[in-house]
Chemist: 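Just dropping this structure here.
FYI, side chains are in, hydrogens and waters are out, and symmetry mates aren't considered; it's all heavy atoms of this structure.
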Amino acid sequence: MHNNGGCVQRVSGPTGGILYSVCTSPSGLIAVGGTDRAVTIYDPRRWSALSRWVGCSKYEITGLSFSSVDQSFIYVQGVDYEITCGRWRESERAFSFRGDSNWLGFSKCANTDVVAGWCESGSIFVADVRQDLSVIGV
């Protein structure tokens, strides 16, 4: 690391693209997303892509979070008003929910799948997701 200025590994986005979001799972996997509207999951032990979920968002990805219930699921926030949850390995959408305007940000509780988002309108939406990954309420 000393010779690389402290850099362990450089992860490049798509050609001409920008990465806007990164998150890690408790098992150490790293997810990145950005202007290409795809989530790429990396294994940091080999620095190779395990999976790439293309088209999981209509617009640029600005937020990511692995599920606490099942790490094979990931929450994806796009620039628009939708948050999607799906299986990243299978590139399969499980469910999504929407705010009343574009998201300014979202966050997920550390040990449970309670997801909250703040919209341009000033509204805050909270989704409590059950163990079977069904939404209790928004």
Chemist: Using a 4.5 Å cut-off on heavy atoms from C-beta on, say whether the side chain of Y42 contacts that of S48.
Modeler: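 They are not in contact (no side-chain heavy atoms under 4.5 Å apart), so the answer is no.
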Chemist: Answer whether the closest heavy-atom distance between the side chains of P26 and Q71 falls below 4.5 Å.
Modeler: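 Yes, side chains in contact.
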Chemist: Quick one: does V76's side chain get under 4.5 Å of V39's, heavy atoms only?
Modeler: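 Yes, at least one pair of side-chain atoms sits under 4.5 Å.
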Chemist: Scan for salt bridge (charged side-chain N to carboxylate O under 4.0 Å, His left out) pairs involving residues 23-33, sequence neighbours excluded, and state none if there are none.
Modeler: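 Matches after skipping sequence neighbours: none remain.
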Chemist: Donor-acceptor pairs are to be reported for all side-chain atoms of residues 102-112 against protein atoms at under 3.5 Å, with residues two or more places apart or in another chain.
Modeler:
| unit_1 | atom_1 | unit_2 | atom_2 | d |
| --- | --- | --- | --- | --- |
| W103 | NE1 | Y81 | O | 3.2 |
| K108 | NZ | S68 | OG | 2.6 |

Chemist: Flag the pair V129 / V69 as yes when at least one side-chain heavy-atom distance between them is below 4.5 Å, and no otherwise.
Modeler: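 Side chain of V129 against side chain of V69, heavy atoms only: no contact under 4.5 Å found.
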Chemist: Does F95 share a hydrophobic cluster with V115, counting links as ILVMFWY side-chain heavy atoms below 4.5 Å and allowing steps through other members?
Modeler: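 Yes, it is one cluster - the side chains of F95 and V115 are joined through contacts under 4.5 Å.
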Chemist: Under a 4.5 Å cut-off applied to non-hydrogen side-chain atoms, are R98 and T84 in contact?
Modeler: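 No; the side chains remain at least 4.5 Å from each other.
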Chemist: Set out, in order, the CA-CA distance, both residues' side-chain angles and the distance that settles salt bridge (Lys or Arg N to Asp or Glu O under 4.0 Å) for R93 and E82, then state yes or no.
Modeler: CA-CA 12 Å; R93 182 182 305 235; E82 187 171 38; 3.7 Å; yes
Chemist: Less than 4.5 Å apart, any side-chain heavy atom of F125 and any of W118?
Modeler: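 Sidechains of W118 and F125: no contact.
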Chemist: Are a donor atom and an acceptor atom from the side chains of Q77 and T62 found within less than 3.5 Å of each other?
Modeler: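 Result is yes, a qualifying pair exists.
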Chemist: Between I41 and I30, is any pair of side-chain heavy atoms under 4.5 Å apart?
Modeler: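 Of all side-chain heavy-atom pairs linking I30 with I41, none is under 4.5 Å.
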Chemist: Please name the pair of heavy atoms, one in I61 and one in Y20, separated by the smallest distance, quoted to 0.1 Å.
Modeler: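 For I61 versus Y20, the nearest heavy atoms are O-CB, 3.2 Å.
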Chemist: Is a donor from one side chain sitting under 3.5 angstrom from an acceptor on the other, for R89 and S72?
Modeler: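 On atom types as modelled, these side chains do not qualify, holding no pair under 3.5 Å.
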Chemist: Could you verify whether a donor N or O on one side chain and an acceptor N or O on the other, from D113 and S67, lie under 3.5 Å apart?
Modeler: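 Looking only at side-chain atoms, S67 and D113 do form a donor-acceptor pair, the distance falling under 3.5 Å.
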